[in-house]
Amino acid sequence: MSPIVESPLFLADEAATLAFAQRFAADVQPPCSVALVGDLGAGKTTFVRGVLRALGVTGAIKSPTYSLVETYETSKGEVHHLDAYRIESVDDFEARGGFEYFQSPSIRFVEWPERLHGAVAFDLVIRFQFDGDGRRVTVTTGHVQAEARSGS
């Protein structure tokens, strides 16, 4: 897999984010856990929607903000899109069945992974940062530190 972009890549608009997502989808292989880090509105959900479309999902793609997780059947198997924004603690995540999604050979995207306080190991971390009217995105291997929520 070669989607590592250790130098920030500038994404000028939503179309650029979706094109980046399409390239990412071509390279990603299950099992893979991906932490999505960035402020509200930085492009995390748009990115996941682009990956899912590139992997053949044609139906509605819903944000998992209230449901914790949305699962999709794709050309590369199951993809789970989790949103930990409303998670109160690691115990809360466990009580909601969050860890179960990491026990299968699926692709998992987690928004607000810092809310899990290191309880989940991630293969990749994708950081979205505002840059003028666009975004800077960086893809690295590694872990997400527990951070204070910003942009809320």
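Position 1 is the first residue of the sequence; numbering continues from there.
Distance CG/D92 to CD1/I87: 4.5 Å, rounded to 0.5 Å. The CG atom of L82 sits 5.5 Å away from atom CG of L68, with the distance rounded to the nearest 0.5 Å. Atom CZ in R49 sits 4.5 Å away from atom OG1 in T46 (nearest 0.5 Å). Here the straight-line distance linking atom NE2 of H117 with atom OG of S89 works out to 8.0 Å at 0.5 Å rounding. Going from atom CD1 of I61 over to atom OG1 of T45 covers 11.0 Å, rounded to the nearest 0.5 Å.
Remark: side-chain polar atoms of R135 are not paired, donor with acceptor, to backbone N or O of F128 under 3.5 angstrom. Distance alone, capped at 3.5 Å, places no donor-acceptor pair between the S106 side chain and the V79 backbone. One N or O on the side chain of R53 and one on the backbone of V57 form a donor-acceptor pair closer than 3.5 Å. In this structure, K44 contributes its side chain and D39 its backbone to a donor-acceptor pair below 3.5 Å.
T74 pairs with exactly one of I107, V51, L52 by the side chain to side chain contact (heavy atoms under 4.5 Å, CB included) rule, that one being L52. Checked options F99, Y85, Y101; the residue passing with F93 is F99 (criterion: ring-ring contact (aromatic ring centres under 6.0 Å, His included)).
If you chain together hydrophobic residues whose side chains sit under 4.5 Å apart, F10 and L18 never meet in one group. In the hydrophobic clustering of ILVMFWY residues, with side-chain heavy atoms under 4.5 Å counting as a link, V28 and L9 come out together.
Residues E111 and T65 have side chains not in contact (no heavy-atom distance under 4.5 Å, counting atoms from C-beta outward). Looking at L124 and T141, their side chains come closer than 4.5 Å, going by heavy atoms from C-beta outward. R23 has its side chain out of reach of D27: every pair of non-hydrogen atoms, C-beta onward, lies at least 4.5 Å apart. Side-chain contact check for D123 versus V34: every heavy-atom pair is 4.5 Å or farther apart. Using a 4.5 Å heavy-atom threshold, the side chains of V120 and V110 count as separate. Side-chain contact between F109 and V69: absent, with no pair of heavy atoms (C-beta onward) separated by less than 4.5 Å. Taking 4.5 Å as the limit, some side-chain heavy atom of L55 sits within range of a side-chain heavy atom of S75. Looking only at side-chain heavy atoms (C-beta outward), V37 and W112 stay at 4.5 Å or farther from each other.
Residues S33 and R108 bring a donor and an acceptor atom of their side chains to less than 3.5 Å of each other. Side-chain atoms of E70 and H80 form no donor-acceptor pair, as typed in the model, at a separation below 3.5 Å. Under 3.5 Å, the side chains of R86 and Y66 contain a donor-acceptor pair of N or O atoms.
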Might you work through the salt bridge (Lys or Arg N to Asp or Glu O under 4.0 Å) test for R96 and E88, ending with a clear yes or no? CA-CA 11 Å; R96 295 179 189 216; E88 298 295 324; over 6 Å; no
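In terms of heavy atoms, S63 sits closest to S67 at O-OG, 4.5 Å. Listed here is the closest heavy atom pair of P105 and P31: CA-CB, 3.9 Å.
The 12-atom threshold is not exceeded at CD of Q22, counting heavy atoms of other residues, nucleotides or ligands nearer than 6.0 Å.
By the salt bridge (charged side-chain N to carboxylate O under 4.0 Å, His left out) test, D13 is found to be paired with no residue, residues two or more places apart in sequence or in another chain being considered.
In this structure, F24 and F47 have perpendicular ring planes: the angle between them is above 60°, well past the 30° mark.
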